[in-house]
Amino acid sequence: MTYRVSFVCTGNICRSPMAESVFRARVAEAGLDGLVEVDSAGTDGWHEGDGADPRAVAVLEEHGYGTDHVARRFQASWFARLDLVIALDSGHRKTLRRLAPTEQDAEKVHLLRSYARPSPDHHPSTSASHTPSDSADADLDVPDPYYGGLDGFEECLEMVEAASEGLLAAVRDEVEGRAV
């Protein structure tokens, strides 16, 4: 059974397509591409049908990631087929949880950076779980690079990459748990 993950930002042209591209690469590197499906969407439909922002494309390509993308708006009906909905900031998380048809669906929504690994000086015994932590939401937001320069897209990519390893570990645990 396929495990489905969707990344969600505002317009689906900057942060969420970057997260989708990075995570799709991590899934493939882990040999899970036949077991995990990755996509993205926006909470609003302003850019439906558009490609990713050219600055996002440039940063992704510079770092070796694929960039095939068409923006779309997240639909509440998708919760039924999704296992995990990853919000790029706390505003998206709030919107998505409000859209969720059931409490069980709302529990599928987590902040991307809640999966980021602790810093090297963090004691490992306090962070052994792959379970996300949604505390201190503002600190876990991936800032929207849309109104800034290329450096904002680089920062976005760094944050996405930093969280992808922990997210992959959590998804792998779920996929392996289903196989048992």
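Computed from a prediction, not measured in an experiment: that's the story for all the values here.
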Residues that [X] engages under side-chain hydrogen bond (donor to acceptor under 3.5 Å, both in side chains), provided they are two or more places apart:
X	result
R73	none
R172	none
D89	R15, H92
S77	none

Exercise: identify the closest heavy-atom pair between [X] and [Y]:
X	Y	result
N12	G42	CB-N, 3.3 Å
A100	A106	CB-N, 3.4 Å
C156	P145	CB-CG, 4.5 Å
L82	V85	CD1-CG2, 3.8 Å

Side-chain donor-acceptor contact under 3.5 Å, H63 with E154: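 Note: H63 and E154 side chains meet the donor-acceptor criterion.
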
Distance-only side-chain donor-acceptor flag, E161 / Y65, under 3.5 Å: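 Indeed, the side chains of E161 and Y65 share at least one donor-acceptor pair under 3.5 Å.
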
Does [X] use its side chain to pair, donor to acceptor, with the backbone of [Y] at less than 3.5 Å?
X	Y	result
R113	D139	yes
D44	G11	no
S21	M18	no

Indicate every side-chain donor-acceptor pair of residues 55-62 with a distance under 3.5 Å to a residue at least two apart or in another chain.
residue: R55; atom: NE; partner: D53; partner atom: OD1; Å: 2.9
residue: R55; atom: NH1; partner: Y146; partner atom: O; Å: 3.1
residue: R55; atom: NH1; partner: G148; partner atom: O; Å: 2.6
residue: R55; atom: NH2; partner: D53; partner atom: OD2; Å: 2.8
residue: R55; atom: NH2; partner: Y146; partner atom: O; Å: 2.8
residue: E61; atom: OE2; partner: T67; partner atom: OG1; Å: 3.4

D50, CG: over 12 other non-hydrogen atoms inside 6.0 angstrom: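 Correct, the count exceeds 12.
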
Over 12 foreign heavy atoms within 6.0 Å of CD, Q104: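 Counting neighbours around CD of Q104, 12 or fewer heavy atoms of other residues, nucleotides or ligands fall under 6.0 Å, so no.
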
Among R72, H69, R24, side-chain hydrogen bond (donor to acceptor under 3.5 Å, both in side chains) partner for D39: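 Per the side-chain hydrogen bond (donor to acceptor under 3.5 Å, both in side chains) rule, the option paired with D39 is R72, out of R72, H69, R24.
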
side-chain contact (heavy atoms from CB on, under 4.5 Å) partners for R98, two or more places apart: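 Testing R98 for side-chain contact (heavy atoms from CB on, under 4.5 Å), a comparison that skips the adjacent residues, returns K94, T95.
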
Test ring-ring contact (aromatic ring centres under 6.0 Å, His included) applied to F79 and F74, step by step: CA-CA 9 Å; F79 276 104; F74 190 89; 5.2 Å; yes

